[in-house]
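On a predicted model such as this, the values are computed, not experimentally measured, just so you know.
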Amino acid sequence: MAKIQFSRGIDEDVVPDVRLTRSRSGESSTATFTFINPKALAQTTTEDITGMYLIDEEGEIVTREVKAKFVNGKPEVLEAIYLMKSVEEWDRFMRFMERYADENGLGLSKS
């Protein structure tokens, strides 16, 4: 039941590219989500994008850092950044991502 929403109640169907960075101490981390042609940007969607909501059985993780990228005057990409400032936030995020990856066939590759 792990899902991503940009407007409450409307699940995003597009599976994002997710890039993770973590400080050497592990105290701060960043997750950057890139959605190409997401449902949230479709012209048929009339809901406002109010943030990115990562929802699972433990609750929800919210970030308001969401930006649209335009190509030839049309929105094509949504980029969302989630900042984690503790090991606990990292652990919670990774539990969400494990559930989301299992449901959407994602894998992890290290650079």
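Residues L20 and W90 meet the side-chain proximity criterion, which asks for heavy atoms closer than 4.5 Å. In this structure, L41 and I49 have side chains that are in contact, with non-hydrogen atoms separated by less than 4.5 Å. Y100 has its side chain within reach of P16: a pair of non-hydrogen atoms, C-beta onward, lies under 4.5 Å apart.
The two residues K85 and E89 have their closest heavy-atom pair at N-OE1, 2.6 Å. Scanning both residues, G26 and V87, for their nearest heavy atoms gives O-CG2, 3.6 Å. Of all non-hydrogen atoms in T50 and Y53, the two that sit nearest each other are OG1-OH, 2.7 Å. Among all heavy-atom pairs drawn from F96 and I4, the shortest one is CZ-CG1, 4.0 Å. Nearest heavy-atom pair across V66 and G51 is CG2-C, 3.8 Å.
Sorted by first and then second residue, the pairs that involve residues 69-88 and meet ring pair (Phe, Tyr, Trp, His ring centres under 6.0 Å), not counting sequence neighbours, are Y82-F93.
Within the model, atoms OG of S86 and CD of E88 stand 4.5 Å from one another, a figure rounded to the nearest 0.5 Å. Going from atom CZ of R8 over to atom CD1 of I55 covers 6.5 Å, rounded to the nearest 0.5 Å. To the nearest 0.5 Å, atom CZ of residue R64 and atom CE of residue M52 are 11.5 Å apart. Remark: L54 CG to Q5 CD distance equals 10.0 Å, nearest 0.5 Å.
Every residue meeting the side chain to side chain contact (heavy atoms under 4.5 Å, CB included) condition with N37, not counting sequence neighbours, appears here in chain and number order: E76. For R22, there are no side chain to side chain donor-acceptor pair (under 3.5 Å) partners at least two apart in sequence or on another chain. Among residues two or more places apart in sequence or in another chain, the side chain to side chain contact (heavy atoms under 4.5 Å, CB included) test is passed with S28 by S23. In terms of the side chain to side chain contact (heavy atoms under 4.5 Å, CB included) criterion, residue partners of E79 (sequence neighbours excluded) are, by chain and number, T32, T34, K69, I81. Every side chain to side chain contact (heavy atoms under 4.5 Å, CB included) that E58 has, sequence neighbours left out, goes to D56, R92, R95, R99.
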Please evaluate residues F6 and L78 with respect to the criterion side chain to side chain contact (heavy atoms under 4.5 Å, CB included), reporting the C-alpha separation (whole Å), side-chain torsions for both, the decisive distance (0.1 Å), and the verdict. CA-CA 10 Å; F6 289 103; L78 274 182; 3.8 Å; yes

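In the hydrophobic clustering of this structure, L83 does not group with I61; members are Ile, Leu, Val, Met, Phe, Trp, Tyr whose side-chain heavy atoms approach within less than 4.5 Å, directly or through other members. M97 and F35 end up in the same hydrophobic cluster when Ile, Leu, Val, Met, Phe, Trp and Tyr side chains are linked at under 4.5 Å. Residues M1 and V62 fall within the same hydrophobic cluster, defined by Ile, Leu, Val, Met, Phe, Trp and Tyr side chains chained together at heavy-atom separations under 4.5 Å.
By the 6.0 Å contact criterion, CD1 on I36 is open, its count of non-hydrogen atoms from other residues, nucleotides or ligands being 12 or less. Around atom CZ of R19, no more than 12 heavy atoms belonging to other residues, nucleotides or ligands sit under 6.0 Å away.
At distances below 3.5 Å, not a single donor-acceptor pair connects side-chain atoms of K39 with backbone N or O atoms of V14.
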